[in-house]
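Accompanying notes for the structure given below.
Please read all numbers here as calculations on a predicted model, not as lab measurements. Numbering starts at 1 and runs along the sequence shown. Order of listing sets the numbers, starting from 1, for every ligand and every atom in it.
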Amino acid sequence: MSSGRVSWSGSRRSTPRDPQRTPGAAPMKSLEIEGLSKRYTRDALAVDDLTLSLGEGKFTTLLGPSGCGKTTTLRCLAGLEVPDEGTIRYGDETFVDVRAGTFAPPNKRKLGMVFQSYALWPNRTVLGNVTYPLRLRHVRPSEARRRALDGLAAVGLDGYGDRYPHELSGGQQQRVALARGLVSASGLLLFDEPLSNLDAKLRLSMREEIRRLHDEYGYSSVYVTHDQEEALAISDNVVVMDRGRVQQAGAPHEIFARPATTWVAGFVGFDNIHDIGDVSPGEGRLAIATGGTVSIPAGMNEFVPGRSIAFRGDEVELADATHGEDRLRMRGTVVTSSYLGDAYRLGVEIAPGTRMIASIRDASRMQVPEKYLGETLELSVPMSSVLQLGGGPTNATTTQKGSE
Ligand SMILES: Nc1ncnc2c1ncn2[C@@H]1O[C@H](COP(=O)(O)OP(=O)(O)OP(=O)(O)O)[C@@H](O)[C@H]1O
């Protein structure tokens with residue numbers, strides 16, 4: 001998957017703004033990235049042979065841990081970095097073709113960009129900030145003003161045009177940056193961690209707002225974040241990156257429920273990932289390579305020694321007589337316990353060296369320090385929540401149990 005071609009057609013319906021009312025909106029085009037590489041130092045590639053096809057009008061998020069190359073990819077799209085290899089095309093325009101020596105400077109790409117730091121000019125008014133990129137492109141002042149006022153209205157800042165950035169809250173400043181991105185784009189909008197400086201509540205409402213505006217303007221958006229929940233909530237498509245390469249790309253539910261590798265599974269919150277040892281289907285026993293065994297339904301013969309099982313801690317329950325047969329079961333001693341409000345997150349040792357994570361719902365909602373600690377618990381997980389994964393970060397073969 002890492003260097004293969006990745007393309008998609010997302011599922012969310014867009015309701016584009018009327019182009020007559022939004023002069024910034026242009027016919028939609030797809031963004032094609034082919035073999036993109038960028039090296040800052042001799043020994044490490046920040047972006048390593050990246051190939052992506054980003055569908056028209058889609059909201060695509062580059063998701064990955066710090067240093068995986070998300071921002072570098074975005075900066076190459078914006079023309080703020082010169083790649084060492086590859087091509088970037090947007091519709092019939094070539095932004096970059098390294099071999100042909102083509103490099104369109106940022107102002108020729110006519111895209112909007114929204115940064116984490118807002119990047120507002122402190123000595124310009126709100127209106128001045130929003131019109132500035134249009135003036136650089138020689139848009140007539142009356143037209144620039146009309147588009148800026150339209151953008152400010154779209155982000156809920158009607159009447160704020162004469163204020164200066166220091167007279168606004170952080171959330172309002174980010175809205176100005178968003179309005180500027182919206183009016184200066186002619187179809188392609190880039191976001192670099194735009195919500196990182198906002199508090200948790202504002203982050204939630206702003207991400208909904210960003211998605212609404214993306215739909216309303218009918219743009220194609222590329223969004224960078226390291227926040228898994230944000231990526232899943234806002235996107236049509238998510239590209240999971242690690243060490244400059246694509247690890248998996250797909251719709252949010254695919255990434256969440258069907259991670260292709262143990263690395264992606266770990267990144268999207270599968271807290272139990274264990275290598276499989278011997279399997280005895282007849283006895284319904286599966287050994288964990290690091291020690292201990294779990295029970296599986298008798299006769300189940302799909303599990304392969306050397307691969308891994310993976311499941312989320314919040315899919316684990318205290319075993320109950322009402323539970324059916326189609327479950328993975330295990331028994332162990334609670335060695336860690338943390339209170340989470342409506343659940344306890346437990347570390348349960350099924351053998352020395354093999355610890356399972358279980359988030360057990362607890363209706364009492366009372367914080368009892370170290371509840372469950374030292375107890376021996378019987379736990380079970382529906383087989384439909386247990387994945388079998390192929391192993392290393394570039395091995396994308398996945399065998400899945402159940403029908404998530
Ligand atoms: N200007 C630079 N000079 C040298 N190395 C750089 C430069 N910019 C980025 N890098 C390196 O390139 C790699 C990718 O960085 P990049 O900023 O693209 O990652 P990221 O995924 O956006 O990380 P973060 O989420 O922390 O912003 C990192 O190893 C980083 O240290």
Evaluation steps, salt bridge (Lys or Arg N to Asp or Glu O under 4.0 Å), between Arg329 and Glu317: CA-CA 10 Å; Arg329 293 168 191 278; Glu317 296 169 274; over 6 Å; no
With a 3.5 Å distance limit and no angle check, can you tell me whether Arg312 reaches the backbone of Val268 through a side-chain donor-acceptor pair? yes
Met241 near ligand 1, heavy-atom distance under 4.0 Å? no
List every atom of ligand 1 that sits less than 4.0 Å from any heavy atom of Glu193, numbering the atoms from 1 in the order shown and giving each element. 25 (O)
I'd like to know if the side chain of Asp43 pairs up with that of Thr41 as donor and acceptor (distance under 3.5 Å, no hydrogens or angles considered). yes
Side chains of Glu85 and Ser37 only: does a donor on one sit below 3.5 Å from an acceptor on the other? no
Using a 4.0 Å cutoff against the non-hydrogen atoms of Pro65, which atoms of ligand 1 qualify? 21 (O)
Would you say the ring centers of Phe59 and His214 fall short of 6.0 Å from each other? yes
Is the shortest distance from a heavy atom of Gly64 to ligand 1 less than 4.0 Å? no
Backbone or side chain, does any N or O of Thr72 fall under 3.5 Å from an N or O of ligand 1? yes
Ring centroids only, cut at 6.0 angstrom: are Phe270 and Phe311 within range, meaning strictly under it? no
Is atom 31 (O) of ligand 1 touching the protein, meaning some protein heavy atom lies under 4.0 Å away? no
Only heavy atoms of Ala46, strictly under 4.0 Å: list the atoms of ligand 1 that pass. 12 (O), 13 (C), 14 (C)
For atom 26 (O) of ligand 1, the protein heavy atom that lies nearest, with its residue and separation: Ser66 OG, 2.6 Å
Under 3.5 Å, is there a donor-acceptor pair between the Arg327 and Ser380 side chains? yes
Counting only nitrogen or oxygen atoms and a 3.5 angstrom limit, does His226 reach ligand 1? no
Under 4.0 Å to a heavy atom of Cys68 - the qualifying atoms of ligand 1, by number: 19 (O), 20 (P), 21 (O)
For atom 29 (O) of ligand 1, the protein heavy atom that lies nearest, with its residue and separation: Gly67 O, 4.0 Å
Does either side chain, that of Ser235 or that of Asn237, offer a donor lying less than 3.5 Å from an acceptor on the other one? no
